[in-house]
Amino acid sequence: KALRIDHVGIAVPDLDAAIIFYENVFGMRCVHRETNDEQGVREAMLAVGEGGDRLQLLAPLRPDSAIAKFLDRSGPGVQQLAYTVANIDETSATLRSHGLRLLYDQPKRGTADSRINFVHPKDAGGVLVELVEPAR
Ligand code: MC0
């Protein structure tokens with residue numbers, strides 16, 4: 001089951017400009033930055049307040065990446081909604097038993113060495129749902 005919202009992911013064309021915007025306008029704090037070559041993204045994690053809520057900014061690393069394709073089609077905006085799960089293998093099995101397609105056969109590496117997978121947006125009401133099992 002989903003334990004909490006892990007983060008909301010927003011596709012942006014310019015990571016540095018977006019960080020400055022969210023810090024200055026909404027008072028968020030950039031707490032982590034990382035390049036994920038496999039996912040084709042440069043990302044930043046922003047803390048919203050002190051309660052653990054997080055916004056993830058995603059900028060494309062390559063023109064053929066998922067984020068570049070999203071920006072081409074839809075422009076900047078909410079690209080994904082991520083839930084924290086305790087055990088991604090169990091959660092994936094449950095979702096598959098409900099007939100949902102997961103994008104990867106096995107979890108891949110996400111932010112800060114988490115294990116991640118995605119539910120196809122067509123199987124989740126038009127929302128790209130990410131599952132995140134944090135690193136121990
Ligand atoms: C595409 N669609 C979406 C969508 N992307 N709907 C909602 N939210 C999105 N983000 C819709 C399209 O409009 C289309 O609808 C349909 O899905 C299928 O589109 P497609 O052309 O077949 O597929 P693609 O090529 O656009 O790919 C979509 C897909 C891809 C979700 C498979 O983006 C993907 O593999 N995403 C997973 C990886 C990812 O997003 N990585 C970047 C974040 P119509 O109605 O037109 O047919 S990396 C990350 O998040 C890591 C760092 C982390 O958090 O740890």
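Each ligand, and each atom within it, is numbered from 1 in the order the structure gives.
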N87 side, atom CG; L131 side, atom CG - distance, nearest 0.5 Å: 11.0 Å
The one among R115, M45, E34, Q39 that brings a heavy atom closest to atom 41 (N) of ligand 1: Q39
Approximate separation, where rounding is to 0.5 Å, of D37 CG and R109 CZ: 9.5 Å
I5/D53 under side chain to side chain contact (heavy atoms under 4.5 Å, CB included): CA gap, chis, key distance, verdict: CA-CA 8 Å; I5 291 176; D53 294 334; over 6 Å; no
Any non-hydrogen protein atom less than 4.0 Å away from atom 46 (O) of ligand 1: no
Qualifying residues under salt bridge (charged side-chain N to carboxylate O under 4.0 Å, His left out), relative to D123, sequence neighbours excluded: R101
Residue D105 excluded, over 12 heavy atoms near CG under 6.0 Å: no
Element-labelled atoms of ligand 1 that are located less than 4.0 Å from some non-hydrogen atom of F70: 9 (C), 10 (N)
CG on L15 to OG1 on T35, rounded to 0.5 Å: 8.5 Å
Atoms of ligand 1, numbered as shown, that sit under 4.0 Å from any heavy atom of E43: 52 (C)
Min side-chain heavy-atom separation D16-R42 under 4.5 Å: yes
Nearest-contact summary for atom 3 (C) of ligand 1 - protein heavy atom, Å: P121 CG, 3.7 Å
Under 4.0 Å to a heavy atom of H7 - the qualifying atoms of ligand 1, by number: 54 (O)
Protein heavy-atom partner closest to atom 5 (N) of ligand 1 - residue, atom, separation in Å: R73 NH2, 4.0 Å
For atom 7 (C) of ligand 1, the protein heavy atom that lies nearest, with its residue and separation: G126 O, 3.2 Å
Subset of ligand 1 atoms that lie under 4.0 Å from at least one heavy atom of A66: 33 (O), 39 (C), 40 (O), 41 (N)
Partner set under ring pair (Phe, Tyr, Trp, His ring centres under 6.0 Å) for Y22, not counting sequence neighbours: F26
T111: which of H32, Q56, E130 passes side chain to side chain donor-acceptor pair (under 3.5 Å): Q56
Ligand-residue contact atoms, ligand 1 with L128, heavy atoms, under 4.0 Å: 8 (N), 9 (C), 10 (N), 31 (C), 40 (O)
Side chain, backbone, both or neither: the part of L103 lying under 4.0 Å from ligand 1 by heavy atom: side chain
Spatial distance of atom CG (L71) from atom OG (S65) [nearest 0.5 Å]: 8.0 Å
Per-atom contacts of ligand 1 with Q79, taking only distances under 4.0 Å to non-hydrogen atoms: 8 (N), 9 (C), 10 (N), 40 (O)
Rounded distance (nearest 0.5 Å) linking atom CE of M28 with atom CE of M45: 12.5 Å
Exercise check, heavy-atom protein proximity under 4.0 Å to atom 22 (O) of ligand 1: no
Per-atom contacts of ligand 1 with F118, taking only distances under 4.0 Å to non-hydrogen atoms: 37 (C), 38 (C), 39 (C), 50 (O)
Non-hydrogen side-chain atoms of H120 and L100 separated by less than 4.5 Å: no
Proximal atoms of ligand 1 relative to G110 (non-hydrogen, under 4.0 Å): 55 (O)
Among E38, Q80, K69, closest by any non-hydrogen atom to atom 43 (C) of ligand 1: Q80
Distance-only N or O hit between ligand 1 and Q56, under 3.5 Å: yes
Side chains of L128 and P121 in contact at under 4.5 Å (non-hydrogen atoms): yes
Atom 53 (C) of ligand 1 [closest protein heavy-atom partner, distance rounded to 0.1 Å]: E130 OE2, 3.1 Å
T111, any N or O under 3.5 Å of ligand 1 N or O: yes
Residue, atom name and distance, where the atom is the protein heavy atom closest to atom 16 (C) of ligand 1: K122 CE, 3.5 Å
Non-hydrogen protein atom less than 4.0 angstrom from atom 27 (O) of ligand 1: no
